[in-house]
Amino acid sequence: MAKEKKLVTAITDMEQDFPQWYTDVVKKADLIDYSSVKGCMIIRPYGYAIWELLQRQLDDIFKATGHENVYMPMFIPESLLQKEKDHVEGFAPEVAWVTYGGDTELQERLCVRPTSETLFCDHYANIIQSYRDLPKLYNQWCSVVRWEKTTRPFLRTTEFLWQEGHTAHATAEESEAETIKMLNVYADFCSDVLAIPVIKGEKTEKERFAGAKSTYTIESLMHDGKALQSGTSHNFGDGFAKAFGIQYTDKDNKLQYVHQTSWGVTTRLIGAIIMVHGDNSGLVLPPAIAPTQLVVIPIAMHKEGVIEKAEELTKRLSKIARVKSDLSDKAPGWKFSEYEMKGVPIRLEVGPKDIENNQVVLARRDTGEKIIVSMEELETKVEELLKDIQSNLLEKASQNRNSKTYSATNLADFEKTINETPGFVKAMWCGDKACEDAIKEKTGATSRCIPFEQEEIADACVCCGKKAKHMLYWGRAY
RNA sequence: CGGGGUGUAGCGUAGCUUGGCUAGCGCGCCUGAUUUGGGAUCAGGAGGUCGCAGGUUCAAAUCCUGUCACCCCGACCA
């Protein structure tokens, strides 16, 4: 693999100060700006373009799997939020309240949705009567508000964009199948589109979503060895249905409760892209999610025919990729750096020498490699390169994650590993919450998930030594 | 919510301890010329309620009080 060469000095080295590196990338790549409201960020055009591509592709998959989009109100009356006990207890500390309408104090205060389970449930109770009404497969794209104490761009903001799927099914088997199906949709999307490998698994009871029967998660690993929960899928069983009275009459004319699911991913995924693929020169975008896949940079623009050639190539390549050209009067070196910070997968340089030789120079962002390509095979080469970059990024991210995945069979090893070599730690667990708490207390690591792919790395629980039930992934998390 | 820090031009900052004349510098921006294969050079130019409010003083970016905001580190969360 090619040695990574530091090309831009405007960004702090990640080895030196990872949080600062992250902030620098987010700012230098023009993804966001801070706003005048604490914890809220302005998503700038380039950042939003990434979100739009992500949204469009995911939405297509949702539609293809039978889901429909709806839009729920952003306000939830307090009484509605309180219908499911665990749920309200889980979210109450972080909701924002509306208490006035104009200058009139409201009879009942309204919360700004932190999530919309209660709204969907209330609605489902009204529209579901018969088994013929099932399943209901709804999704909404919206923003939610959670009054977090500490915020970071994309990873945790007061308001964030997401999608939340909410479905209602006739049976427990169906809701479980839906939960797993959507988890797989997320996992495939992460690896195929975002080039981020994930661990699929179930959350322990301690980490479970407020009100859920079971919570499944995809966990990814960032460059600094910290874990990021990248998507979740919950099976509610009939808990919410009972709290909200969502019943239907089955084929045998018996009244039944529905079984529900919910699942979501957020703008946090953009944070994951940054921290999984980024390097010391800035952002590195997988082609599938890059708003600009190739940027055309003319060299010596004042020379005869250069601008015309750049425009011609831009037009030609626009047929096969998302292409833009930069004909501004900045120096070429400045442009190189600019598009590297922004993570554009391929840079095309074209100057008088190239025109003379009937060729162009392609530079790939992931490896820094420069390739001379003849005009004739340009399209073929660009398509090939985009594919190659996409798969190379997934390969690199997988290697990185695997090299930072360890296992521990006793607590001393566990602690040493998590402190000295940050990453995932695999360890056996007896299933007792006391051990989970103890490990968190002692090491600062949280249980990430009980992976579907289990391994027998020992017989005994890493904490108490009793007989182990599962292998768990642990890590320090964002 | 606890601890720490910072607010001076679009961005980054000097000045504040010890009050004093026109608030200095770098980047960026505008104009022109020369340049152009890794953040070009020269010349000229524009841009400031010194976070906000009050106070002390002949005089406040500087001292005092209050207030607002943001950042970083912890405990809680996608």
Side-chain angles (χ1 to χ4, degrees), chain A residues 5-11 17-20 22-24 27-28 33-41 89-95 114-115 143-164 186 203 206-210 215 217-220 227-234 262-272 281-282 297-303 306-307 326-341 347-357 359-363 368 370 372 440-441 444 446 476-478:
Chain A
K5 193 171 62 170
K6 167 86 172 180
L7 304 169
V8 179
T9 50
I11 296 171
D17 184 348
F18 195 83
Q20 188 59 48
Y22 180 80
T23 309
D24 286 349
K27 292 284 288 178
K28 290 287 174 188
D33 199 5
Y34 290 106
S35 77
S36 48
V37 181
K38 176 180 154 48
C40 294
M41 61 176 180
E89 278 171 11
F91 280 101
E94 53 186 32
V95 296
T115 179
S143 76
V144 290
V145 169
R146 296 181 189 178
W147 220 260
E148 303 284 357
K149 310 277 192 250
T150 305
T151 59
R152 301 199 63 194
F154 294 115
L155 300 176
R156 182 170 304 107
T157 47
T158 303
E159 180 186 11
F160 57 91
L161 300 178
W162 78 347
Q163 67 56 226
E164 46 179 329
Y186 289 153
K203 284 285 187 191
K206 176 181 161 69
E207 303 284 329
R208 193 177 290 160
F209 179 82
T215 288
T217 177
I218 47 171
E219 298 285 327
S220 55
L228 188 76
Q229 179 173 321
S230 305
T232 48
S233 187
H234 315 288
S262 88
W263 27 272
V265 294
T266 76
T267 31
R268 175 180 269 190
L269 283 177
I270 297 176
S281 300
I297 302 200
I299 307 295
M301 279 195 298
H302 58 291
K303 295 276 172 64
V306 173
I307 291 184
D326 188 342
L327 304 180
S328 71
D329 59 4
K330 301 272 193 214
W334 188 91
K335 294 178 188 174
F336 294 175
S337 303
E338 178 68 10
Y339 296 102
E340 269 154 19
M341 288 194 288
R347 174 178 76 233
L348 185 155
E349 302 170 23
V350 59
K353 277 186 249 166
D354 302 309
I355 294 172
E356 197 178 310
N357 296 328
Q359 65 181 38
V360 296
V361 176
L362 297 181
K370 280 193 177 191
I372 293 170
K440 188 184 175 186
E441 173 76 17
T446 49
R476 295 225 171 94
Y478 274 98

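In the text below, chain A, chain B and the rest are named by the order of the sequence lines, each starting its count at 1.
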d([atom1], [X]; [atom2], [N]) in whole Å:
{"X": "A:Tyr478", "N": "B:C76", "atom1": "OH", "atom2": "C1'", "value": "17 Å"}
{"X": "A:Tyr22", "N": "B:C72", "atom1": "OH", "atom2": "P", "value": "11 Å"}
{"X": "A:Lys149", "N": "B:G2", "atom1": "NZ", "atom2": "P", "value": "10 Å"}
{"X": "A:Leu348", "N": "B:G37", "atom1": "CG", "atom2": "C1'", "value": "13 Å"}
{"X": "A:Tyr339", "N": "B:G39", "atom1": "OH", "atom2": "C1'", "value": "13 Å"}
{"X": "A:Asp33", "N": "B:C71", "atom1": "CG", "atom2": "P", "value": "11 Å"}
{"X": "A:Ile355", "N": "B:G37", "atom1": "CD1", "atom2": "C1'", "value": "13 Å"}
{"X": "A:Met41", "N": "B:C71", "atom1": "CE", "atom2": "P", "value": "12 Å"}

Could you pull out the protein-nucleic contacts involving nucleotides 31-36 of chain B (nitrogen or oxygen on both sides, under 3.5 Å)?
{"residue": "B:U36", "atom": "O2'", "partner": "A:Ala300", "partner atom": "N", "Å": "2.9"}
{"residue": "B:U36", "atom": "O4", "partner": "A:His302", "partner atom": "ND1", "Å": "2.7"}

Given 3.5 Å as the limit, does a donor-acceptor pair link the side chain of [X] with the main chain of [Y], or not?
{"X": "A:Lys206", "Y": "A:Thr446", "value": "no"}
{"X": "A:Glu148", "Y": "A:Thr157", "value": "no"}
{"X": "A:Tyr478", "Y": "A:Gln229", "value": "no"}
{"X": "A:Ser230", "Y": "A:Leu228", "value": "yes"}

Side-chain donor/acceptor contact of A:Arg347 with base of B:G38 under 3.5 Å: yes
No-H, no-angle donor-acceptor pair, A:Arg146 side chain to B:C77 base, under 3.5 Å: no
Within-4.5 Å side-chain heavy-atom neighbours: A:Thr232 and A:Phe209: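 No, too far: nothing below the 4.5 Å cut-off.
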Using a 4.0 Å heavy-atom cut-off across all strands, classify [X] as base, sugar-phosphate, or nothing.
{"X": "A:Leu155", "answer": "base"}
{"X": "A:Val361", "answer": "base"}
{"X": "A:Glu349", "answer": "base"}
{"X": "A:Thr150", "answer": "base"}
{"X": "A:Thr446", "answer": "nothing"}
{"X": "A:Lys353", "answer": "base"}
{"X": "A:Glu148", "answer": "base"}

Closest approach of [X] to [Y] (non-hydrogen atoms, all atoms of both residues):
{"X": "A:Tyr339", "Y": "A:Ile297", "result": "CD1-CD1, 3.9 Å"}
{"X": "A:Lys28", "Y": "A:Ile11", "result": "CG-CG1, 4.1 Å"}
{"X": "A:Glu349", "Y": "A:Asp354", "result": "O-OD2, 3.7 Å"}

Residues forming a ring-ring contact (aromatic ring centres under 6.0 Å, His included) with A:Phe18, sequence neighbours excluded: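 Result, ring-ring contact (aromatic ring centres under 6.0 Å, His included) vs A:Phe18: A:Trp21.
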Residue A:Pro19, side-chain heavy atoms: nucleotide from B:C77, B:G37, B:C73 that is nearest: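 In terms of side-chain proximity for A:Pro19, the closest of B:C77, B:G37, B:C73 is B:C73.
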Side chain of A:Arg156 (C-beta onward), nearest among B:G39, B:C77, B:G38: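 In terms of side-chain proximity for A:Arg156, the closest of B:G39, B:C77, B:G38 is B:C77.
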Short side-chain N/O contact from A:Lys440 to OP1 or OP2 of B:C76, under 4.0 Å: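 For A:Lys440, the contact criterion (side-chain N or O under 4.0 Å from OP1 or OP2 of B:C76) is met.
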Nucleotide-level pairing of RNA chain B, given in dot-bracket where Watson-Crick and G-U pairs need both distances under 3.5 Å and | marks other strands: (((((((..((((......[...)))).((((((.....)))))).....(((((..]....))))))))))))....
Position toward the 5' end of RNA chain B (nearest nucleotide), A:Lys335 or A:Pro153: A:Lys335
Ionic contact status for A:Lys203 with A:Glu219, cut-off 4.0 Å: yes
